[in-house]
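What follows is a single structure, written as structure tokens, with notes after it.
Just so you know, these numbers come straight off a predicted model, no measurement behind them.
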Amino acid sequence: MVQAVVSTPNLSFGPEDEPETGTPYAQYVRLDTLHSLQQPRSKVDAELSFIITTQVMELLFDLLRHEWTSASHALREDDLTAAIAALRRGQHVQDVLVSSWDLLATMTPAEFNAFRPVLGEASGFQSSAFLRLEFMLGNKAESLLKMYQGVPSVLAELNAALHAPSLYDEALAFLDRRGVTTPHEPSTARHKALPEVEAAWRQVYTDPAHTDLTRLGEALLDTAERVTRWRQRHYSSVKRTMGAKPGTGGSSGLSWLKQSADQDVFPELWNVRNEL
């Protein structure tokens, strides 16, 4: 009989004269720095939940950017399998993002109003990481770069994203290289539905020769649907917490969120379903 070897975890790390170095785990994820970033400006309990949730969202924005960038690179290299895998990983991130609204959705107007004054002009609308994601989806607006005139490094990064092909641009270019004529050029303006792009997706979904490309269409649509879920969840959470009052930072608040929630991402993929 073979006896199982029971191992015990190492519980001693670092020199005894350097106790502040912490465990390898703490060093790897930089726990000291991470847990020092939550600094409420009021004594309202709800503010800590607000800060931590928004910080988590910002980290997830970065992770989603990583996956969409990987998907774009894979499409550029004609690697459909890798592109879809990256989109699927990104969809798991999106699911967590949508669920993260649960942490804020039940905040009452009284709780939010109790610490809202300390926000000043701070608004999630100003998130450069979120705007970068919007640009990657093709929801581009050069006018929004004005917010970052005082931060040259962020401005340069967003300007590069504005002029770079979006994730959707890369997908359409991939279709064109695969024999599905897609007359489309990247733009610095918000993408709007084009008949010729809709015709390309119609060919993908109806021509048996392009069956494998429907996998890309469905993966993109799954991504688009999760964007809509995020926007709708954002809208309903704000509506419950602060109603139709103007947003911080001078935004129109609820009306702007409603308009955003009603806009489809990758519109041709939605429109073509009317004819399938």
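- Under a 4.0 Å N-O distance rule, the pair Arg132/Glu157 qualifies as a salt bridge.
- In this structure, Asp62 places its CG atom where more than 12 heavy-atom neighbours from other residues, nucleotides or ligands lie under 6.0 Å away.
- At most 12 non-hydrogen atoms from other residues, nucleotides or ligands lie less than 6.0 angstrom from CZ of Arg30.
- No salt bridge links Arg231 with Asp262; every basic N to acidic carboxylate O contact stays at or beyond 4.0 Å.
- Scored by the side chain to side chain donor-acceptor pair (under 3.5 Å) test, Ser99 finds no partners at all (sequence neighbours excluded).
- Annotation: ring-ring contact (aromatic ring centres under 6.0 Å, His included) contacts of Tyr235 (sequence neighbours excluded): none.
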Can you give me every donor-acceptor pair (side chain of residues 190-198, partner residue at least two apart or in another chain, under 3.5 Å) with its distance?
residue: Arg190; atom: NH1; partner: Asn139; partner atom: OD1; Å: 3.3
residue: Arg190; atom: NH1; partner: Gln263; partner atom: OE1; Å: 3.2
residue: His191; atom: NE2; partner: Glu268; partner atom: OE1; Å: 3.2
residue: His191; atom: NE2; partner: Glu268; partner atom: OE2; Å: 2.9

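- When all heavy atoms of Leu87 and Ala219 are compared, the pair lying nearest together is CD1-CB, 3.8 Å.
- Taking the ring-ring contact (aromatic ring centres under 6.0 Å, His included) definition, one finds that Phe115 meets it with Phe50, Phe112, sequence neighbours left out.
- Here Glu170 pairs with Arg76 under the side chain to side chain donor-acceptor pair (under 3.5 Å) rule; sequence neighbours left out.
- A cation-pi arrangement is present between Arg273 and Tyr205, with the terminal nitrogen or guanidinium carbon under 6.0 Å from the aromatic centre and inside a 45° cone about the axis.
- Between Asp78 and Arg178, no side-chain nitrogen of the basic residue sits less than 4.0 Å from a carboxylate oxygen of the acidic one, so the salt-bridge criterion is not met.
- Across Leu175 and Thr182, no two heavy atoms sit closer than the pair CB-OG1, 3.7 Å.
- For Thr108, the side chain to side chain contact (heavy atoms under 4.5 Å, CB included) partners at least two apart in sequence or on another chain are Ala110, Glu111.
- Residues passing the side chain to side chain contact (heavy atoms under 4.5 Å, CB included) test with Ala86 are Glu67, Ser70, Ala71, Arg89, sequence neighbours excluded.
- With no hydrogens or angles considered, no side-chain donor-acceptor pair links Gln232 and Arg229 at under 3.5 Å.
- With sequence neighbours excluded, no residue satisfies side chain to side chain contact (heavy atoms under 4.5 Å, CB included) with Ala156.
- The salt bridge (Lys or Arg N to Asp or Glu O under 4.0 Å) check on Asp207 picks up nothing, with sequence neighbours excluded.
- Within the structure, ring pair (Phe, Tyr, Trp, His ring centres under 6.0 Å) contacts touching residues 136-163 (residues at least two apart or in different chains) do not occur.
- Hydrophobic cluster membership for Val29: Tyr25, Tyr28, Leu31, Leu34 (Ile, Leu, Val, Met, Phe, Trp, Tyr linked by side-chain heavy atoms under 4.5 Å, directly or transitively).
- Residues meeting the ring-ring contact (aromatic ring centres under 6.0 Å, His included) test with Trp101, sequence neighbours left out: Trp230, His234.
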